[in-house]
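None of the values given here were measured: they were computed from a predicted structure. Position 1 is the first residue of the sequence; numbering continues from there. Atoms within a ligand are numbered from 1 in the order they appear, just like the ligands themselves.
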Amino acid sequence: QRPILRRFSCPGTVAEDFRREEQPSGSVETGSEDKTPKKTFSEVQKERREQAQRTVLIHCPNKINEKKFLKYLSQHGPINNHFFYDSFGLYAVVEFGQKESIDSLQNGTHTPSMGMEAAIPFRSRFFNLKLKSPSHQTSEQPCVRSSNQLPPSSKKLFELLCYAESIDDQLNILLREFQLTEENTKLRYLTCSLVEDIAAACFPDCTVRPFGSSVNTFGKLGCDLDMFLDLDEIGKLSTHKTLGNFLMEFQVKNVPSERVATQKILSVIGECLDHLGPGCVGVQKILNARCPLVRFSHQASGFQCDLTTNNRFALKSSELLYIYGTLDFRVRALAFSIRCWARAHSLTSSIPGAWITNFALTTMVIFFLQRRSPPILPTLDFLKTLADAEDKCIIEGNNCTFTHDLNRIKPSGNTETLELLLREFFEYFGNFAFNKNSINIRQGREQNKPDSSPLHIQNPFETSLNISKNVSQSQLQKFVDLARESAWILQQEDVDRPSPSSNQPWGLAAFLLPSVVNKTSLAKKKVKKPASERIKNLLESIKSNTTENCTSTNGK
Ligand code: GTP
Ligand code: MG
């Protein structure tokens, strides 16, 4: 008998206890009790951004006395919080209570002389701490606790999943192990803030905001850091002096189009990152892409960064996903497992190509949850009806209005378990009429495909566009085949589930982890119950499908 606490299906009672118990406090931006008012996306962004501006990054000696370190730094002002992490060396992230402390710290810091080389004297918030007399450093120094910034290894995940008590439990474990931690989120905002300091060399009042999975609640440890250089705020700061019959404008350089302006700005920022930015390496300017960007590695944080500008839609879609991810506890758990599943079977890749993206997969999960009865998620059109004047948002002529206030959205009455939803997701998309229907989260129902792309997922804001235009027929077929196979495996779980204490792969472990997939190959599996017509059909489709070679579940 498994404890009932783990097998929740009813939000509001046992489920709430479960959430309080299982979710690390840092990951819950919105409060875990339904009565707690949930923060809006912009409230979270503003708070985190402000925190990051009071924060510094310090490369430390490997052995450091934490107490002395904090005492030394607090001569510049009170410290709100700090943590250490390892990334080819020991780093500390230190958040001061006041911004003035940063000036004080910078004023007491010198630019090193480099011997044969010369230093670019850029005064950033990224420091190097050295010991005056390393010999005084004894081996008995207490080791600092280092916060983990990496996803779990396949081995650890395998063990955790095998020992889980139910499939619901497995989905929650996956979420807990892969979701961005409080520290990782802080490091992401800090990295944006450090890049903002560099971009400010050209545009003093610019803002660099994270978007995409770093902030939309669907980020996995190890995912890239998407950044948006926001220059629009600059104009808003100026108060128009309207006295007299004059209007003052800046003299500017004119270029033929917005796109060219974007390319020029990113090109200059790319140069600044390359030449001034401490720790910014491998800077690549990808300016001819549909959405021009600068890609680079931020060495100290280990983040692969993509910097774009003039990309308001992406920021808006991050906010929409944040709303969906925060509305119901099942959304993220399901999306994480589908994304891990897709990665384990090479349906997604960190290299751009004809495969499905994580963004497209998340949209499919949202659509599926809109199609449940009763729906677990509202449609985008419904969110629009809840909007007020403040929410009104038109981007390039497209209406992107929806409520930003989560507290206006009534919780769903649907009580389906994650196990059921996972199985049904695979069945639903294993049998979806991709040849004639398009996925549409604005209306929450399928529509006729407007063109012949194999997979059509309507862009919720630029509705004439398809967010999965890149997906080839063969990649879609692979997705369908694997979805059918996984639905079948999950159906068998009812019969085949081993006892919880045995180290046997089952449930998610049976189709998530590379080493296990071969063992559960359907061709070898003994069918214990009489197959219904539907299962027979599934088997037929699976027989023609070769077992995938699986890669790591880590990373994107
Ligand atoms: P990861 O794979 O974890 O990085 O997920 P992600 O959501 O961050 O995806 P990615 O880094 O590829 O893109 C960042 C953001 O850009 C997404 O969250 C979307 O908001 C947006 N985006 C990405 N691809 C598309 C697309 O094809 N169409 C549109 N409209 N937006 C996209
Ligand atoms: Mg991303």
Side-chain angles (χ1 to χ4, degrees), residues 41 45 150-151 174-175 178-180 184-185 188 191-192 208-230 286 289-298 301-325 331-332 335-344 346-366 380 395-396 398 400 402 438-442 453 455-471 475 553-556:
F41 180 71
Q45 287 242 335
L150 296 171
L174 209 66
L175 175 62
F178 276 104
Q179 71 185 347
L180 303 184
N184 194 268
T185 302
R188 284 170 189 269
T191 307
C192 286
V208 173
R209 306 175 190 284
F211 73 96
S213 60
S214 299
V215 295
N216 68 16
T217 73
F218 293 96
K220 268 163 63 184
L221 285 173
C223 71
D224 70 353
L225 172 55
D226 303 292
M227 302 177 175
F228 169 66
L229 171 69
D230 192 349
I286 308 171
R290 194 182 63 80
C291 185
L293 68 125
V294 174
R295 178 164 290 169
F296 61 98
S297 293
H298 190 257
S301 60
F303 295 136
Q304 170 78 27
C305 305
D306 278 352
L307 177 71
T308 58
T309 186
N310 201 1
N311 192 5
R312 296 240 145 242
F313 286 112
L315 215 62
K316 209 61 198 166
S317 66
S318 299
E319 178 168 8
L320 181 64
L321 259 51
Y322 169 86
I323 289 181
Y324 281 131
V331 183
R332 295 169 66 232
F336 269 65
S337 63
I338 300 296
R339 287 168 72 147
C340 286
W341 166 81
R343 187 72 185 96
S346 307
L347 283 169
T348 51
S349 164
S350 52
I351 307 159
W355 16 90
I356 300 180
T357 61
N358 277 332
F359 179 58
L361 277 177
T362 309
T363 310
M364 289 168 91
V365 170
I366 292 168
L380 176 52
I395 304 174
E396 294 168 23
N398 297 282
C400 303
F402 56 87
S438 158
I439 291 162
N440 179 323
I441 62 163
R442 178 163 281 282
S453 344
L455 174 60
H456 196 282
I457 305 176
Q458 191 196 56
N459 180 322
F461 299 122
E462 295 171 278
T463 52
S464 62
L465 302 181
N466 172 13
I467 64 164
S468 51
K469 203 168 171 225
N470 61 312
V471 178
Q475 284 298 318
T553 54
N554 292 356
K556 263 178 91 168

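- Shown in contact with D224 at under 4.0 Å from a heavy atom are these atoms of ligand 1, numbered in order with element: 4 (O), 11 (O).
- Taking a cut-off of under 4.0 Å to the non-hydrogen atoms of N459, the atoms of ligand 1 that pass are 30 (N).
- The N, O or S atom of D224 with the smallest distance to the Mg ion (ligand 2) is OD1.
- Panel note: side chain S468, backbone V471; no donor-acceptor pair is recorded below 3.5 Å.
- Note on D226: its N/O/S atom closest to the Mg ion (ligand 2) is OD2.
- Distances below 4.0 Å separate heavy atoms of D226 from the following atoms of ligand 1: 8 (O), 11 (O), 14 (C).
- Residues satisfying the side-chain hydrogen bond (donor to acceptor under 3.5 Å, both in side chains) test with T191, not counting sequence neighbours, are none.
- Checking each of F359, F228, F41, F218 against S318 for a side-chain contact (heavy atoms from CB on, under 4.5 Å) leaves exactly one that passes, namely F41.
- At a heavy-atom distance under 4.0 Å, no atom of R343 approaches ligand 1.
- Distances from atom 17 (C) of ligand 1 to the heavy atoms of F461, F359, F228 show the closest one on F359.
- Looking at residues two or more places apart in sequence or on another chain, you find a side-chain hydrogen bond (donor to acceptor under 3.5 Å, both in side chains) between S301 and H298.
- Under the 4.0 Å criterion applied to side-chain N and carboxylate O atoms, D230 and R312 are assigned as salt-bridge partners.
- Using the six-membered ring where Trp is involved, F461 and F402 have ring planes that are parallel, under 30° apart on the 30 and 60° scheme.
- Contact atoms of ligand 1 toward F211: 14 (C), 15 (C), 16 (O) (distance under 4.0 Å to a heavy atom of the residue).
- Across F303 and L225, no two heavy atoms sit closer than the pair CD1-CD2, 3.8 Å.
- Judged by the shortest distance from any of its heavy atoms, F313 lies outside the 4.0 Å radius around the atoms of ligand 1.
- Every atom of ligand 1 with a heavy atom of C223 under 4.0 Å away is listed here by number and element: 3 (O).
- Compare S318, A314, C291 by their heavy atoms: the one nearest to atom 21 (C) of ligand 1 is in A314.
- I457 pairs in a side-chain contact (heavy atoms from CB on, under 4.5 Å) with only one of the listed residues (N440, L361, I439), which is I439.
- Of all atoms in ligand 1, listed by their number and element, those nearer than 4.0 Å to a heavy atom of R339 are 1 (P), 2 (O), 3 (O), 5 (O).
- Between F336 and F178, a ring centre-to-centre spacing not shorter than 6.0 Å is recorded.
- At a 4.0 Å cut-off, at least one heavy atom of I467 sits close enough to ligand 1 to count as contact.
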